[in-house]
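Every value quoted in this text rests on a predicted model; they were computed, and no experiment measured them. What's counted below: heavy atoms across the whole structure, side chains too, no hydrogens, waters or symmetry copies.
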Amino acid sequence: MSKRLKKIFESKVPKTKLIAYFVGCYPNYKTSLEIIKKAIDNGVSVVEVGYVTSEASSEGPIIKEAHDHVLANGGTLNETIKLVKEIRSYNNDVGILLMGYIANLYKYPINKFVKDIRDAGADACLVVDAPHELKEENQLREQLDKHNLSLIKLVAPTTDDKRLRDIINISSGFIYQVNVAGVTGVKDAKNEDVRNFIKRIRKLTDIPICSGFGIKTPKDAKNIANSGANGIVIGSAFVKYIQENMKATNLPQKLGTYISSYSRILK
């Protein structure tokens, strides 16, 4: 398990951690790095970096468009890992999580991927489309454990109790609680449903719970934080902001200010 993630969630400030998802190297490498630096400066506790893929099956149209943009510009997983290394050089305390799909890691391959992200300074990995029964997921978990990195697992409202226990038993770092069924950036999270799901998970584990999907505004983030989550994951809202302000010369600064509207309410 990542010692850095453990330290982040043990800290009482901020009470609820802000986890920000960005598509790595979007809209380009240089701007992506500056955006993430400003995100850290404005209260992000964990940066979730999506490595580029053509198989973004869980992503809504906003994030899918960003992946397509990076692919069209020749973006690669290697470039994203280089980005992670520069993020770590900028800040030694922020958590860094790589997020994506198993096919990219299988081709890399898995052993080399884990060694490379460890050397770059990452803390964890989340693979969206790899259930724990999959051979490659087990290989990934073994390698992450070997290098003291965390495997972040998703649990959804449709996850039954037996499967929930199985997933919790192999998770470390935090549990990523998916608030709504379907793809990202489309549906809104319902506070009562989120609260009940968190209570259900809490009965089984003390691992931190971070809530994502369907959180679009600072008000949404505050409401979900009050539901008992240890962290709030914002992705589509930030990626959409980048898309809508792509031509702004001060895009990183503008996004940093926007991110602070979320982080301020989570203190």
Side-chain angles (χ1 to χ4, degrees), residues 1-2 4-5 19-26 46-60 63-64 66-67 70-71 75-81 83-84 87 95-156 158-159 163-164 166-179 181-185 207-213 231 233 235-236 239:
M1 174 181 175
S2 162
R4 190 180 285 107
L5 287 181
I19 301 171
Y21 169 89
F22 301 100
V23 177
C25 307
Y26 179 71
V46 180
V47 176
E48 185 180 357
V49 183
Y51 53 83
V52 66
T53 180
S54 59
E55 303 182 25
S57 56
S58 292
E59 316 303 342
I63 293 176
K64 179 67 165 61
H67 276 280
V70 176
L71 283 171
T76 65
L77 178 51
N78 276 317
E79 193 174 34
T80 303
I81 294 173
L83 180 72
V84 166
I87 297 166
I96 304 175
L97 159 67
L98 279 101
M99 180 269 201
Y101 295 78
I102 194 66
N104 301 75
L105 308 191
Y106 182 74
K107 294 173 186 175
Y108 197 83
I110 289 170
N111 291 9
K112 185 176 188 306
F113 168 77
V114 174
K115 183 178 181 299
D116 286 355
I117 68 169
R118 179 205 64 188
D119 292 346
D123 300 292
C125 182
L126 188 162
V127 182
V128 180
D129 60 339
H132 60 270
E133 296 91 349
L134 190 72
K135 179 181 73 173
E136 289 78 11
E137 200 268 12
N138 281 273
Q139 291 174 357
L140 175 63
R141 178 161 27 93
E142 288 169 6
Q143 288 300 310
L144 291 168
D145 287 345
K146 179 180 176 181
H147 294 289
N148 298 314
L149 302 180
S150 290
L151 176 65
I152 309 301
K153 296 294 291 181
L154 298 164
V155 294
T158 52
T159 306
R163 189 167 189 81
L164 185 58
D166 291 342
I167 292 171
I168 286 169
N169 286 338
I170 59 170
S171 297
S172 66
F174 64 88
I175 299 288
Y176 191 134
Q177 175 212 7
V178 177
N179 293 324
V183 298
T184 59
I207 296 175
I209 302 167
C210 295
S211 185
F213 284 53
V233 187
S236 295
V239 177

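Here CD1 of I207 is found 12.0 Å from CG of L5. Values are rounded to the nearest 0.5 Å. Rounded to the nearest 0.5 Å, atoms OG1 (T80) and CG (D116) are 12.5 Å apart. Rounded to the nearest 0.5 Å, atoms CD (E48) and CG (L98) are 9.5 Å apart.
Residues passing the salt bridge (Lys or Arg N to Asp or Glu O under 4.0 Å) test with R118, sequence neighbours excluded: none. With sequence neighbours excluded, the residues that form a side-chain hydrogen bond (donor to acceptor under 3.5 Å, both in side chains) with E137 are R141, K153. In terms of the side-chain contact (heavy atoms from CB on, under 4.5 Å) criterion, residue partners of V52 (sequence neighbours excluded) are, by chain and number, H67, V70, L71. A search for ring-ring contact (aromatic ring centres under 6.0 Å, His included) contacts involving Y26 returns H69, not counting sequence neighbours. Residues satisfying the side-chain hydrogen bond (donor to acceptor under 3.5 Å, both in side chains) test with Y106, not counting sequence neighbours, are none. Not counting sequence neighbours, the partners of D119 by the salt bridge (Lys or Arg N to Asp or Glu O under 4.0 Å) test are K115. Listed by chain and residue number, K112 satisfy the side-chain contact (heavy atoms from CB on, under 4.5 Å) test with P109 (two or more places apart in sequence, or in another chain). In this view, D145 satisfies the side-chain hydrogen bond (donor to acceptor under 3.5 Å, both in side chains) rule with no residue, not counting sequence neighbours. For S172, the side-chain hydrogen bond (donor to acceptor under 3.5 Å, both in side chains) partners are S150, not counting sequence neighbours.
Among all heavy-atom pairs drawn from L105 and L77, the shortest one is CD2-CD2, 4.1 Å. Contact record, V49 with V47: CG2-CG1, 3.6 Å, taken as the closest heavy-atom pair. Across all their heavy atoms, V127 and I102 have their closest contact at CG1-N, 3.4 Å.
Side chain of N138 to main chain of H132: a donor-acceptor pair is present (N/O by atom type, distance under 3.5 Å, no hydrogens or angles). Looking at D123, its side chain does come within 3.5 Å of a backbone N or O of I96 through a donor-acceptor pair. Remark: side-chain polar atoms of N179 are paired, donor with acceptor, to backbone N or O of G212 under 3.5 angstrom. For Y51 (side chain) and E79 (main-chain N/O), no donor-acceptor pair under 3.5 Å exists by modelled atom type.
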Evaluate side chain to side chain contact (heavy atoms under 4.5 Å, CB included) for I81 paired with I117, printing each intermediate quantity in order.
CA-CA 6 Å; I81 294 173; I117 68 169; 4.0 Å; yes
Working note: I110 + E136, criterion side chain to side chain contact (heavy atoms under 4.5 Å, CB included); need CA distance, chi angles, decisive distance, verdict.
CA-CA 8 Å; I110 289 170; E136 289 78 11; 3.9 Å; yes
List the steps and the verdict of side chain to side chain contact (heavy atoms under 4.5 Å, CB included) for Y176 and M99.
CA-CA 12 Å; Y176 191 134; M99 180 269 201; over 6 Å; no
